[in-house]
Amino acid sequence: INGGKFDFRVPSKLLSTAELGIHMGPNSRYTATPMSITLVADATIQQDITVQENNAAIYGRFLNSAGLPLGRCDFSGEVFANGGNNEWHGTTVNPDCTYEISLLAGDYRMGYHVRESNGILNSPPRDEKVTVAANTRVEWNPKVLVGDAQVRVLILKPDGTPADRVWLWA
C-alpha cells in the first residue's frame, strides 16, 4: 500500500464476487470493515475503504491454570479478537504479561497464540464471547498451561549423527 492506494489482479473466471478488506497492524487506532465487490473481466473496479477510529478496548493479563497472574512473560505471543464481520484485531504480549487491543464496540471471540518452546503451552481458550460497549474497556484474562516438566530430545540419523532440519511434535 502506497499513499493509501493499491492495485491487485484476480481471476474473474474463478470468482464473480470477492470479499475485500484490509488488515490493520497490531495496536492500530483504526478498523476497516470488509465488503463484497463484484468482479468484471477485463475491467478495473474502483473501491474506497474508509476506516473508523476505534472506540473501545479489551485488555488483560495472562494467568496460570490456578488463576494467578504470571509474573514475567519472556515469550513471543499475541492476543487477538475476532469480530463477526471477518474483523481481526491483535496485539503482542508485554513482558509483564499484559496486553490491550484497541477496537470498535461489538462482540468478539477471543484467542491467543504463544511460542510453545518457552514453557507456555497453546491451549485454545473456551469459546468466550466478549462484548465491549463504545467508550469502555473490558477485561479478558486468558489462562495458560505452564509446563512443569522438561523433555530433551536428540534426533539421530541411522549412522548415529545428529539429524538436521527435522520437526518434532509431542
Side-chain angles (χ1 to χ4, degrees), residues 1-2 4 6 8 18-37 47-155 165-170:
I1 297 177
N2 186 9
F6 62 96
F8 63 97
E19 191 78 12
L20 180 64
I22 57 174
H23 170 75
M24 306 300 286
N27 303 317
S28 175
R29 294 178 23 209
Y30 303 103
T31 295
T33 303
M35 62 190 64
S36 182
I37 60 170
Q47 181 65 56
D48 294 338
I49 298 175
T50 302
V51 297
Q52 295 174 282
E53 189 162 3
N54 294 331
N55 62 3
I58 299 173
Y59 72 98
R61 167 180 216 106
F62 275 78
L63 308 175
N64 65 21
S65 59
L68 301 172
L70 296 182
R72 184 103 182 119
C73 289
D74 295 324
F75 57 79
S76 173
E78 64 180 7
V79 178
F80 49 88
N82 292 306
N85 195 17
N86 292 325
E87 296 171 35
W88 181 93
H89 302 273
T91 191
T92 55
V93 178
N94 297 318
D96 66 353
C97 305
T98 62
Y99 75 92
E100 183 163 344
I101 302 171
S102 175
L103 36 66
L104 291 173
D107 296 329
Y108 295 91
R109 301 279 183 203
M110 301 301 296
Y112 67 87
H113 181 267
V114 296
R115 177 176 276 170
E116 294 177 349
S117 63
N118 289 314
I120 304 295
L121 303 178
N122 278 315
S123 176
R126 296 185 318 268
D127 185 21
E128 290 186 50
K129 182 173 80 170
V130 173
T131 300
V132 58
N135 304 312
T136 64
R137 295 172 70 236
V138 172
E139 185 174 9
W140 182 73
N141 298 312
K143 287 186 178 179
V144 296
L145 297 173
V146 179
D148 61 357
Q150 182 173 346
V151 177
R152 183 166 290 145
V153 176
L154 177 59
I155 299 171
R165 297 186 192 109
V166 295
W167 184 263
L168 173 70
W169 61 271

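For clarity, every value in this text was computed on a predicted model and none was experimentally measured.
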Shortest non-hydrogen contact from L104 to N54? N-OD1, 3.7 Å

Just jot down the salt bridge (charged side-chain N to carboxylate O under 4.0 Å, His left out) partners of E53, sequence neighbours excluded, or say none. R29

Over all atoms of both residues, closest heavy-atom pair of G60 and N141: CA-OD1, 3.3 Å

Those residues that, when tested against D107, pass side-chain hydrogen bond (donor to acceptor under 3.5 Å, both in side chains) (two or more places apart): T131

Check whether any side-chain heavy atom of Q52 lies under 4.5 Å from a side-chain heavy atom of Y30, and answer yes or no. no

Residues in side-chain contact (heavy atoms from CB on, under 4.5 Å) contact with T98, at least two apart in sequence or another chain: R61, N94, D96

Would you compute the distance between atom OG1 of T91 and atom CG of N27 and round it to the nearest 0.5 angstrom? 3.5 Å

Applying side-chain hydrogen bond (donor to acceptor under 3.5 Å, both in side chains), can you list everything that pairs with S28, at least two apart in sequence or on another chain? none

Tightest non-hydrogen contact, residues I101 and A81, listed as CD1-N, 4.2 Å

How would you list, by chain and number, every residue that makes a side-chain hydrogen bond (donor to acceptor under 3.5 Å, both in side chains) with Q47, sequence neighbours excluded? none

Considering residues at least two apart in sequence or located in another chain, which fulfil the side-chain hydrogen bond (donor to acceptor under 3.5 Å, both in side chains) criterion with N135? none

Centroid-centroid under 6.0 Å between Y112 and F62 rings: yes

What pairs with Y108 under ring-ring contact (aromatic ring centres under 6.0 Å, His included), at least two apart in sequence or on another chain? H89

Not counting sequence neighbours, which residues clear side-chain contact (heavy atoms from CB on, under 4.5 Å) with A133? List them please. T136

With sequence neighbours excluded, tell me which residues meet side-chain contact (heavy atoms from CB on, under 4.5 Å) with T50. none

Please name the pair of heavy atoms, one in A32 and one in V51, separated by the smallest distance, quoted to 0.1 Å. CB-CG1, 3.9 Å

Would V79 and M110 count as a side-chain contact (heavy atoms from CB on, under 4.5 Å) here? Give the steps. CA-CA 8 Å; V79 178; M110 301 301 296; 4.1 Å; yes

Y99 side chain reached by F80 side chain, heavy atoms, under 4.5 Å: no

Any idea which heavy atoms bring V132 and A56 closest together, and the distance? CG2-CB, 3.6 Å

Closest non-hydrogen atom pair, A105 against N55: N-OD1, 2.8 Å

Which pairs count as disulfide bond (SG atoms under 2.5 Å apart) when at least one residue sits in residues 55-89, sequence neighbours excluded? C73-C97

What residue pairs, at least two apart or across chains, pass salt bridge (Lys or Arg N to Asp or Glu O under 4.0 Å) with a residue in residues 78-90? none

Test side-chain contact (heavy atoms from CB on, under 4.5 Å) applied to V153 - qualifying residues, sequence neighbours left out: V151, I155, L168

